[in-house]
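Structure first, commentary second.
As the structure is a prediction and not an experimental result, all values here were calculated from the model.
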Amino acid sequence: MTFMNILVTGGAGFIGSHTCVALMQAGHQVIVADNLSNSKAETIDKIKQITGYDVTFYRVDVTEEETVDDIFAKHSIDGIIHFAGFKAVGESVEKPLAYYYNNIVSTMVLAKVSKKYNVNRFVFSSSATVYGENEVPFVETMELLPTTNPYGETKAISERILTDVSKSNPDFSVSLLRYFNPVGAHESGLIGEAPTGIPNNLMPYVTQVAKRKLDKLRVYGNDYPTVDGTGVRDYIHVMDLAEGHVAALNNLTEGVHIYNLGTGQGTSVLQLVKAFEEVNNIEVPYEIVERRPGDIAKCYADVSKARRELNWIAQRGIAEMCRDAWRFNTFAD
Ligand code: WQD
């Protein structure tokens, strides 16, 4: 296996930082470009602490072509993993232009500069959101349906842009990775999911309730057609997700390849709360409230393609996700 120089945009973020750790532990070198709009510079130090290797870090906005060009001119880059982007579904409804500009222009700039410097490995951080209200389990060959929000549309549009660029230049190899619900943290407890402000997502909200920083979890609806009426999702440990990126990079061939990165298992909100309480021996008070607009009942993956083509399968279960998420939160403050 050849060791590569990988540009990781958004590498100071939740999934990006864990992927940097997995890349470096697999023998690759990492250059991080991140504007720290939703992450902290100290995370770069934590990545170095975990791996024992150095990381080149640029605090930059990857929608700026000249800035991105400078990085490619300075470094011999073998591949890109593009995480940098805004990712809050609700916020995207309130600020569509910011989402379309940031998420799509960054993808176009990176693809353009990659072609200029003949960098032909591009791994893109996509999302299960692009499936819209398809029937579960979601399969890569499904026709994508309109999503309920600008965030999801930016992912679908970015996928189409990268697909068309690859069609125009077959050497330009693209891997589109559709994430389900990333949760948990590196076992060291040094890096994890630390959203600014009140968390939108379930697991960071649960950990804040467990820390008694928030009074109780509001469960958004228990009248869905699911095992216990609450929303069902395919939660995947962030380190499994990170290792999936290394597998995708190492197995990248010409053309465009789409992979679901999930566990294939659905877990309800109440099942996750119960698992968290049992694993960490802590109570998480909750109240059933109205459904959240835009939520779907069930979302989980068919993961057979990644297993078959990348020889990758999620190794960690819900209990480990809950244990690692809690360990990070007890260390974080
Ligand atoms: C999970 C479940 C909620 C919070 C989003 C994005 C998706 C991806 C992952 C980027 C749902 C319920 C949540 C709370 C709750 N992000 N919930 N109370 O909405 O499945 O996916 O994050 O790629 O694109 O859409 O994740 O964690 O917000 O919700 O009851 O306070 O937990 O209704 O059933 P979601 P989530």
Do [X] and [Y] belong together in a cluster built from hydrophobic side chains that touch within less than 4.5 Å?
X	Y	answer
I296	Y220	no
I80	L310	no
F276	L214	yes
L252	F172	no
V113	V123	no

Counting only N and O atoms by type, is there a donor-acceptor contact under 3.5 Å from the side chain of [X] to the main-chain atoms of [Y]?
X	Y	result
R327	G184	no
N260	F138	yes
R323	M321	no
T9	A84	yes
N201	P204	no
S166	L162	no
N200	A88	no
N280	I282	no
N251	A247	yes
H18	H186	yes

Aromatic plane relationship, F122 with H82 - under 30° parallel, 30 to 60° tilted, over 60° perpendicular: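 H82 and F122: perpendicular rings.
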So which atom in [X] and which in [Y] form the shortest heavy-atom distance, rounded to 0.1 Å?
X	Y	result
V227	S268	CG1-CB, 4.0 Å
A22	A242	CB-CB, 3.9 Å
Y117	A73	OH-CB, 3.5 Å
V21	M239	CG1-CE, 4.5 Å
P137	M142	O-CE, 3.5 Å
V30	M24	CG2-CG, 3.8 Å

Any non-hydrogen side-chain atom of [X] less than 4.5 Å from a side-chain atom of [Y]?
X	Y	result
F72	S114	yes
L176	T163	yes
D215	V209	no
Q271	I318	no
T129	Y151	yes
V273	L217	yes
I157	N103	no
V8	T19	no

Rounded to the nearest 0.5 Å, what separation is found between the [atom1] atom of [X] and the [atom2] atom of [Y]?
X	Y	atom1	atom2	answer
L190	E42	CG	CD	10.5 Å
L202	R218	CG	CZ	13.5 Å
C20	K46	SG	NZ	14.5 Å
L270	I288	CG	CD1	5.0 Å
I6	I81	CD1	CD1	6.0 Å
D61	L36	CG	CG	11.0 Å

Would you say that more than 12 heavy atoms from the other residues, nucleotides or ligands in this model lie under 6.0 Å from the [atom1] of [X], or not?
X	atom1	value
Q29	CD	no
Y100	OH	yes
K95	NZ	no

Check against side-chain contact (heavy atoms from CB on, under 4.5 Å), W326 and K211: CA-CA 9 Å; W326 181 233; K211 287 173 77 168; 3.4 Å; yes
Taking atom types as modelled and ignoring hydrogens, do the side chains of [X] and [Y] form a donor-acceptor contact shorter than 3.5 angstrom?
X	Y	value
N250	H28	yes
S175	H257	no
E153	Y99	no
S125	Y179	yes
H237	D324	yes
D234	T263	yes
Y58	H75	yes
N222	T230	no
D34	S39	yes

Audit row: I71, K74, side-chain contact (heavy atoms from CB on, under 4.5 Å) steps and yes/no: CA-CA 5 Å; I71 296 174; K74 276 190 197 134; 5.8 Å; no
Quiz item: cation-pi between K305 and Y259, 6.0 Å / 45°: yes
Geometric cation-pi criterion, R178 with Y131: 6.0 Å, 45°: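 Judged by the rule (NZ or CZ under 6.0 Å from the ring centre, within 45° of its axis), R178 counts as positioned above Y131.
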[X] and [Y] ion-paired at < 4.0 Å:
X	Y	result
D295	K298	no
E278	K274	yes
R121	E254	no
D69	K116	yes

Salt bridge (charged side-chain N to carboxylate O under 4.0 Å, His left out) assessment of E287 paired with K216: CA-CA 7 Å; E287 176 192 354; K216 62 187 169 186; 2.7 Å; yes
Candidate pair H245 and L261, rule side-chain contact (heavy atoms from CB on, under 4.5 Å), full reasoning: CA-CA 9 Å; H245 284 74; L261 293 187; 4.1 Å; yes
Steps toward side-chain contact (heavy atoms from CB on, under 4.5 Å) verdict (F57, I31): CA-CA 6 Å; F57 172 51; I31 301 155; over 6 Å; no
